[in-house]
Amino acid sequence: MPELPEVETVKRGLSGLIVGKTIAAVDHNNPKSFPNAEADVRQFLYSAKVLQVRRRAKVLIIDLSTNYSLVIHLKMTGQLVFVAEQQTGLRAQGSGLSKDRNNRRLRFGAGHPNDSLVGKLPDKSTRVNIEFSDKSHLFFNDQRKFGWMRLMPTIEIENLDFFKKVGPEPLSDDFTAKVFIERVRKRVNTTIKAAILDQTVLAGVGNIYADESLWGAKIHPATRVRDITDARLKSLHKEIRYVLNLSIEKGGSTDRNYVNAEGKKGSYINFARVFRKEGKPCPRHPDTLIIKTRVAGRGTHLCPVCQKV
DNA sequence: CACTTGACCTGTCCGC
DNA sequence: TGCGGACAGGTCAAGT
């Protein structure tokens with residue numbers, strides 16, 4: 001599920017919600033989702049204070065006062081949701097929950113657009129339940145169990161294989177068109193979609209923003225990198241930064257599972273031009289319909305008129 | 001080495 | 001309704 005904008009949105013939300021809190025207890029039920037031994041959990045997690053929340057690529061890092069960190073990858077269906085102490089009538093602002101005249105929370109059935117997970121957790125997808133000393137909770141939910149949360153010394157994070165190999169942050173000032181073109185050209189013989197999905201080329205782009213940026217740059221996702229001009233790649237660089245920034249502004253994309261730190265959905269999907277728009281008109285060519293095909297083993301959306309191989 | 005394909009899981013949706 | 005198969009936003013390992 002979550003790509004860079006979704007993870008960034010969770011990071012920003014969590015920063016304002018858990019920094020300064022002290023961990024009091026931790027529950028976990030699946031070694032794939034949370035592999036650490038109990039002894040380490042007790043020693044480095046219990047009584048630890050949250051110092052800061054960071055993001056690198058699609059990975060979240062919660063730094064603790066014990067010089068340990070929680071490193072989290074949400075993969076396809078992971079969620080990190082904070083729930084304040086008591087769900088009383090007067091809740092913290094911005095929770096996204098609808099309320100009736102008496103300021104009580106309204107109940108919604110599953111799938112309602114205004115539905116929220118807050119008040120329903122933990123549930124059967126909860127893999128880790130962190131309780132803070134003020135009785136608030138941070139839940140790590142993950143339906144498909146692809147994601148993970150692990151406790152490790154802060155200083156060792158950079159030595160993880162993933163961090164040693166991962167490419168530059170696409171929204172950093174250093175990530176110029178020149179840098180992008182140099183890196184993407186190392187993947188001469190593959191398709192441009194596979195190249196920008198490759199986290200060692202650049203960090204953070206997943207299936208949604210790959211399709212969205214390729215449409216923006218008018219490049220067919222199956223085009224071989226060697227067949228694309230520098231001018232087109234320069235345009236793609238700009239589009240990648242544009243769609244990522246726009247999505248962060250909209251709180252990310254909720255296609256199925258994604259929710260932010262308050263259990264609320266993102267709205268980028270409402271602004272998408274091609275992703276999940278198969279059968280809808282292309283914004284540039286209202287007479288042409290967006291099609292869905294398969295490129296780089298992934299569902300791929302494109303306009304057959306403005307994106308030619 | 002560069003590149004592609006399946007595996008990891010659970011849930012949902014679609015066609016029969 | 002039930003059942004089988006395809007598919008879902010990400011990475012890896014194993015294959016060519």
Side-chain angles (χ1 to χ4, degrees), chain A residues 1-10 29-35 55-60 71-80 109-111 117 123-127 140-150 160-167 183-214 221-226 240 243-244 247-248 250-260 265-279 292-301:
Chain A
M1 109 183 175
E3 307 179 30
L4 187 152
E6 290 74 34
V7 180
E8 178 65 22
T9 301
V10 173
N29 57 19
N30 183 310
K32 285 201 54 167
S33 303
F34 188 88
R55 178 192 62 76
R56 172 75 173 103
K58 299 172 190 170
V59 178
L60 273 168
V71 183
I72 302 146
H73 201 308
L74 300 171
K75 291 285 181 83
M76 300 282 257
T77 55
Q79 305 170 326
L80 274 180
L117 287 166
D123 66 16
K124 67 175 175 176
S125 305
T126 302
R127 311 299 172 203
F140 173 41
N141 265 37
D142 186 21
Q143 179 182 103
R144 289 171 75 178
K145 302 180 185 170
F146 289 174
W148 44 262
M149 170 185 282
R150 59 179 284 196
L160 290 173
D161 279 353
F162 178 85
F163 282 113
K164 284 198 282 192
K165 292 186 299 187
V166 74
R183 298 185 69 88
V184 91
R185 286 236 179 265
K186 289 180 182 168
R187 295 284 176 277
V188 281
N189 220 16
T190 192
T191 61
I192 186 62
K193 176 156 178 176
I196 62 173
L197 285 174
D198 184 339
Q199 300 297 297
T200 69
V201 173
L202 75 160
V205 172
N207 207 35
I208 297 175
Y209 305 106
D211 284 2
E212 289 290 295
S213 59
L214 286 164
T223 316
R224 300 274 146 185
V225 173
R226 59 164 181 259
I240 288 171
V243 296
L244 294 178
S247 184
I248 290 171
K250 303 299 177 192
S253 298
T254 295
D255 186 33
R256 291 156 189 262
N257 292 271
Y258 169 75
V259 292
N260 69 13
K265 298 175 178 183
S267 71
Y268 175 86
I269 208 78
N270 301 328
F271 300 85
R273 288 85 48 96
V274 287
F275 190 81
R276 290 272 158 138
K277 297 291 184 189
E278 58 268 37
K292 184 173 182 186
T293 175
R294 221 161 170 83
V295 176
R298 316 294 302 275
T300 297
H301 312 75

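Every chain is numbered from 1, with letters handed out A, B, ... down the list of sequences.
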_Under-4.0 Å side-chain N/O to phosphate OP1/OP2 contact, A:H73 with C:dT11_ = yes
*Does a salt bridge link A:R273 with A:E212, judged by any charged N lying under 4.0 Å from a carboxylate O?*
yes
_With a cut-off of less than 4.0 Å, is there a side-chain N or O of A:K75 near OP1 or OP2 of C:dT11?_
no
*Kindly confirm whether the side-chain ring of A:F162 is stacked on the base of C:dT11, judged by centres under 5.5 Å and planes under 30°.*
no
_How many whole angstroms separate atom CD of A:Q143 from atom C1' of B:dC9?_
9 Å
_C:dT11 and B:dG11, which share atom name P, separated by this distance in whole Å_ = 22 Å
*Contact class for A:D255 (heavy atom, under 4.0 Å): base, sugar-phosphate, or nothing?*
base
_At 4.0 Å (heavy atoms only), tell me whether A:G299 reaches a base, stays on the sugar-phosphate, or touches nothing._
sugar-phosphate
*Would you say A:R298 reaches C:dG10's phosphate, i.e. side-chain N/O to OP1/OP2 under 4.0 Å?*
yes
*So how far is it from A:D142 CG to A:R144 CZ, rounded to the nearest 0.5 Å?*
9.5 Å
*Rounded to the nearest angstrom, tell me the gap between atom CG in A:N189 and atom C1' in B:dC3.*
8 Å
_Any A:R144 side-chain N or O less than 4.0 Å from OP1/OP2 of C:dT11_ = no
_Aromatic plane relationship, A:F162 with A:H73 - under 30° parallel, 30 to 60° tilted, over 60° perpendicular_ = perpendicular
*Search all heavy atoms of A:Q143 against all heavy atoms of A:R127 and return the closest pair with its distance.*
O-NH2, 3.2 Å
*When you measure from the side chain of A:K292, which nucleotide among C:dG10, C:dC7, B:dC9 comes out closest?*
C:dC7
_Please report the distance, rounded to the nearest Å, between NE2 in A:H301 and C1' in C:dA8._
11 Å
*asked:* Please determine whether any donor N or O and acceptor N or O are separated by less than 3.5 Å between the side chain of A:R187 and the base of B:dA2.
replied: no
*Is any side-chain N or O of A:K124 closer than 4.0 Å to OP1 or OP2 of B:dC9?*
no
*Using a heavy-atom cut-off of under 4.0 Å over every strand shown, decide if A:G206 touches base, sugar-phosphate, or nothing.*
sugar-phosphate
_Within the 3.5 Å criterion, strictly below it, is a donor on A:N189 or A:R224 matched to an acceptor on the partner's side chain?_
no
*Give a yes/no answer on whether the side chain of A:T190 brings an N or O atom under 4.0 Å of OP1 or OP2 in B:dT4.*
yes
*For the student: nearest non-hydrogen atoms of A:G147 and A:F140, plus distance*: C-CZ, 4.0 Å
*Base, sugar-phosphate alone, or nothing: which one does A:R294 contact when heavy atoms must sit under 4.0 Å apart?*
sugar-phosphate
*Is there a donor-acceptor contact under 3.5 Å from the side chain of A:T191 to the main chain of A:A194?*
yes
_What is the separation between atom OH on A:Y258 and atom P on C:dG10, rounded to the nearest whole Å?_
14 Å
*Only stems of 3 or more consecutive Watson-Crick or G-U pairs count here, both distances under 3.5 Å; name the ones for DNA chain B, or none.*
B:2-8 with C:10-16, B:10-16 with C:2-8
*Could you tell me whether A:R183 atom CZ has more than 12 heavy atoms of other residues or ligands within 6.0 Å of it?*
yes
*Interatomic distance, A:N141 CG vs B:dC9 P [rounded to whole Å]*: 18 Å
*Whole angstrom is fine here: how far is it from NZ in A:K164 over to P in C:dT11?*
18 Å
*Which value, in whole Å, describes the distance between the P atoms of nucleotides C:dA6 and B:dG6?*
12 Å
*Please give, in whole Å, the distance from C:dC12 P to A:D198 CG?*
11 Å
*asked:* Working to the nearest 0.5 angstrom, can you tell me the gap between A:D211 CG and A:Y209 OH?
replied: 11.5 Å
_Whole-Å distance separating the NZ atom of A:K165 from the P atom of C:dC12_ = 6 Å
*Between A:K32 and A:S125, which is nearer to the 5' end of DNA chain B once each is assigned its nearest nucleotide?*
A:K32
*Side-chain N or O of A:Q199 less than 4.0 angstrom from OP1 or OP2 on C:dT11?*
yes
